[in-house]
Amino acid sequence: MKTVRMLSTFGITERTHFIIYAFFIFSSTFSIAAGSVAGGVASVLFLVIAVQNRFSPFDSKLKWFYLWAGLYVLWLILASQVANPGLASLKPIGREWMFFLVPAGIWIFQKDRMVRPLVAVFALGVALLSLYSLGQFFWGWHFLKPDYPLGRHEHGYWIAGNFTSSVTFGVYYGSAGLFLFGYGLRPGWKRLDWGSRLFIVTGMLAMTVAVLSNERGPALAVLLSLIVLAFLFRSKRGLIGIGVALSIMIAVGLQSGLFVRSRELMSKELSMRHDRSRLFIWTYSLRVARDHPWVGVGPGHMNEAYAKVMPADIPDATIQGHAHNDFLTVAAEAGFPCAAFLLALWVTVLGYCLRAYRSMALTPEDRGLALGALAATIGYLVSSMFDTPFAGQTSRQMLMFVWAAGLAMYLKSKSGPHRHQMT
């Protein structure tokens with residue numbers, strides 16, 4: 001019977017979907033284009049599987065996640081057509097298709113035999129690019145992008161992996177490292193196997209290169225997330241591991257000059273006369289949002305609106321295309337209701353992940369997945385306070401994968417003690 005099922009159309013589609021989804025998360029570690037194509041194909045295949053197997057791809061137990069995600073996307077569409085009618089206004093919100101990566105991933109994460117191989121593929125990509133990024137920092141490697149030599153600072157080279165921005169790189173690898181680190185800890189497990197240890201080491205390596213990116217937002221996200229983990233974790237072994245990781249991150253930050261740079265830039269960031277300071281950008285972005293509170297100025301039209309509210313006594317001021325804050329950017333481009341829907345979505349995901357982590361109905365490995373998803377979500381959220389990673393595609397691909405893991409564990413926690421789906 002098992003052989004017959006494996007040869008069935010559904011079985012072939014199922015395995016193809018897993019392979020393509022695994023390639024999606026692996027390729028996202030170094031290529032936004034490859035990740036987008038593979039993720040799109042995986043999402044379509046998942047819908048095919050849902051039709052063939054006659055089940056709803058959107059589980060009712062996650063209704064609040066789908067409600068807030070749906071309202072957020074619908075309000076974006078409404079704002080785009082009210083502020084700037086026409087099909088061209090829909091282009092900036094095309095990235096929202098990535099929400100389909102969440103249910104496509106949930107379907108895989110609920111199958112025990114597929115979980116560790118999927119995470120291992122992701123960890124392999126993270127490890128390879130993290131090692132490459134160490135070479136970037138110390139020796140200026142850029143053979144993956146030979147036409148883009150790296151700039152140098154006092155302590156090393158500016159690193160960006162295979163991405164175009166060190167901020168994007170820092171957000172991606174900081175959050176990915178937190179996810180792998182949390183997964184490897186496996187709460188409640190008395191003795192870690194070699195696989196879990198490798199996940200922990202890979203996670204720490206990814207967090208290290210995120211700090212070495214010399215970007216303050218990702219580094220702060222890593223540090224704060226590790227501190228939160230320390231409060232959540234109750235075992236002595238886990239606290240020791242988190243303490244070691246936190247100490248390494250602080251040492252790396254000191255050695256790389258990150259903390260010195262942050263201190264030197266603090267006065268600039270708090271200045272209302274410096275057009276690139278966070279305080280300046282947030283203030284005038286908020287003014288844009290307050291001037292258009294319901295539907296904003298339309299996605300992709302921040303530049304023009306921002307230019308209109310800029311003070312005239314600052315010559316050659318930089319016109320910003322985003323608010324260096326995901327929620328403030330959404331408020332300015334699509335109105336405060338849309339920003340509220342996005343905030344509710346984040347709170348819902350954090351709540352689901354936290355409840356899954358605390359559930360004694362799950363195995364230690366499943367709780368590790370929930371913990372990793374919780375840590376990565378917290379780290380990404382902190383980064384979203386200072387930049388706009390959610391508005392892009394590079395790191396958001398990884399976030400959808402992380403959310404799929406956390407939400408899948410929540411579903412398993414609601415299905416009875418130590419449930420294993422081996423189909």
Side-chain angles (χ1 to χ4, degrees), residues 10 14-15 17-18 21-22 25 42-43 46 49-50 53-69 99-123 178-190 192-193 195-196 199 203 229 232-235 238 345-378 398-423:
F10 175 68
E14 178 184 45
R15 284 154 182 77
H17 172 257
F18 171 79
Y21 196 91
I25 194 56
S43 298
F46 170 68
I49 292 171
N53 208 37
R54 297 180 181 179
F55 72 89
S56 172
F58 309 110
D59 197 297
S60 61
K61 295 185 184 69
L62 298 174
K63 61 183 178 182
W64 292 110
F65 171 79
Y66 292 120
L67 173 66
W68 298 125
F99 276 120
F100 284 106
L101 291 168
V102 177
I106 289 174
W107 183 82
I108 295 177
F109 274 111
Q110 290 186 90
K111 301 178 181 298
D112 292 347
R113 61 186 173 85
M114 293 184 174
V115 170
R116 183 161 284 211
L118 181 61
V119 179
V121 168
F122 175 56
L178 287 164
F179 172 71
L180 293 171
F181 182 75
Y183 174 55
L185 286 177
R186 298 178 70 181
W189 198 256
K190 294 182 179 180
L192 298 179
D193 57 26
S196 297
F199 287 129
L229 284 187
L232 290 174
F233 225 93
R234 297 178 181 178
S235 74
L345 177 64
W346 278 94
V347 172
T348 298
V349 173
L350 288 169
Y352 282 148
C353 291
L354 180 60
R355 290 169 69 180
Y357 162 67
R358 289 178 172 175
S359 173
M360 293 297 105
L362 295 179
T363 65
E365 184 161 0
D366 288 344
R367 291 184 64 210
L369 274 175
L371 180 65
L374 178 64
T377 301
I378 292 172
M398 176 270 303
L399 182 67
M400 299 297 98
F401 168 78
V402 165
W403 282 8
L407 298 185
M409 295 309 103
Y410 173 75
L411 287 180
K412 291 181 73 173
S413 73
K414 307 303 288 184
S415 302
H418 297 282
R419 171 181 173 270
H420 293 269
Q421 185 176 355
M422 301 302 294
T423 56

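In this text, all values refer to a predicted model and were calculated from it rather than measured experimentally.
- Each of Leu118, Val102, Leu101 was evaluated against Phe401; a single residue qualifies, Leu118, per the side-chain contact (heavy atoms from CB on, under 4.5 Å) test.
- Using a 4.5 Å cut-off on side-chain heavy atoms (C-beta onward), Leu369 and Phe179 make contact.
- Between Ser413 and Ala361, the shortest heavy-atom distance links the atoms O-CB, 4.1 Å.
- A distance of 9.5 Å separates CG in Leu407 from CE in Met400, rounded to the nearest 0.5 Å.
- Minimum interatomic distance between Arg367 and Ala356 (heavy atoms only, all atoms of both residues): CG-O, 4.2 Å.
- A 4.5 Å side-chain heavy-atom check between Pro57 and Trp107 finds every atom pair outside the cut-off.
- A distance of 8.0 Å separates CH2 in Trp64 from OG1 in Thr348, rounded to the nearest 0.5 Å.
- Side-chain contact between Ile106 and Asp59 is absent, with no heavy-atom pair separated by less than 4.5 Å.
- For Phe100, the CZ atom is loosely surrounded, since the number of other residues' heavy atoms within 6.0 Å does not exceed 12.
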Requested in this report: Go through the steps for Lys412 and Asp112 under the test side chain to side chain contact (heavy atoms under 4.5 Å, CB included), then give the verdict.
Outcome: CA-CA 11 Å; Lys412 291 181 73 173; Asp112 292 347; 2.5 Å; yes

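- Taking both residues in full, the closest heavy atoms of Phe109 and Val115 are given as O-CG2, 3.3 Å, listed atom of the first, atom of the second, then distance.
- For CZ of Arg358, the number of neighbouring non-hydrogen atoms (other residues, nucleotides, ligands) closer than 6.0 Å is 12 at most.
- Across Leu232 and Tyr357, no two heavy atoms sit closer than the pair O-OH, 3.1 Å.
- A tilted orientation is assigned to the rings of Tyr352 and Tyr410, their planes being inclined by 30° to 60°.
- Within the 4.5 Å cutoff, no side-chain heavy atoms of Leu371 are placed close to those of Tyr183.
- For the pair Ser359 (side chain) and Arg355 (backbone), a donor-acceptor distance under 3.5 Å is absent.
- A tilted orientation is assigned to the rings of Phe46 and His17, their planes being inclined by 30° to 60°.
- To the nearest 0.5 Å, the span separating CG on Leu178 from CG on Leu374 amounts to 10.0 Å.
- With hydrogens and angles disregarded, a donor-acceptor distance shorter than 3.5 Å links the side chain of Asp193 to the backbone of Gly195.
- Scanning both residues, Val402 and Ala376, for their nearest heavy atoms gives CG1-CB, 3.7 Å.
- A pairwise comparison of heavy atoms in Met398 and Ile25 identifies CA-CD1, 4.2 Å as the closest pair.
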**Report entry** Audit row: Trp403, Trp346, side chain to side chain contact (heavy atoms under 4.5 Å, CB included) steps and yes/no
**Finding:** CA-CA 10 Å; Trp403 282 8; Trp346 278 94; 3.9 Å; yes

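- To the nearest 0.5 Å, atom CD of residue Glu365 and atom CZ of residue Phe199 are 7.5 Å apart.
- Taking the side chain as every heavy atom from C-beta outward, Phe65 and Phe58 never approach each other to under 4.5 Å.
- Atom NZ of Lys111 sits about 5.0 Å away from atom CD of Glu14, to the nearest 0.5 Å.
- Distance check: Leu180 CG to Leu185 CG gives 11.0 Å after rounding to the nearest 0.5 Å.
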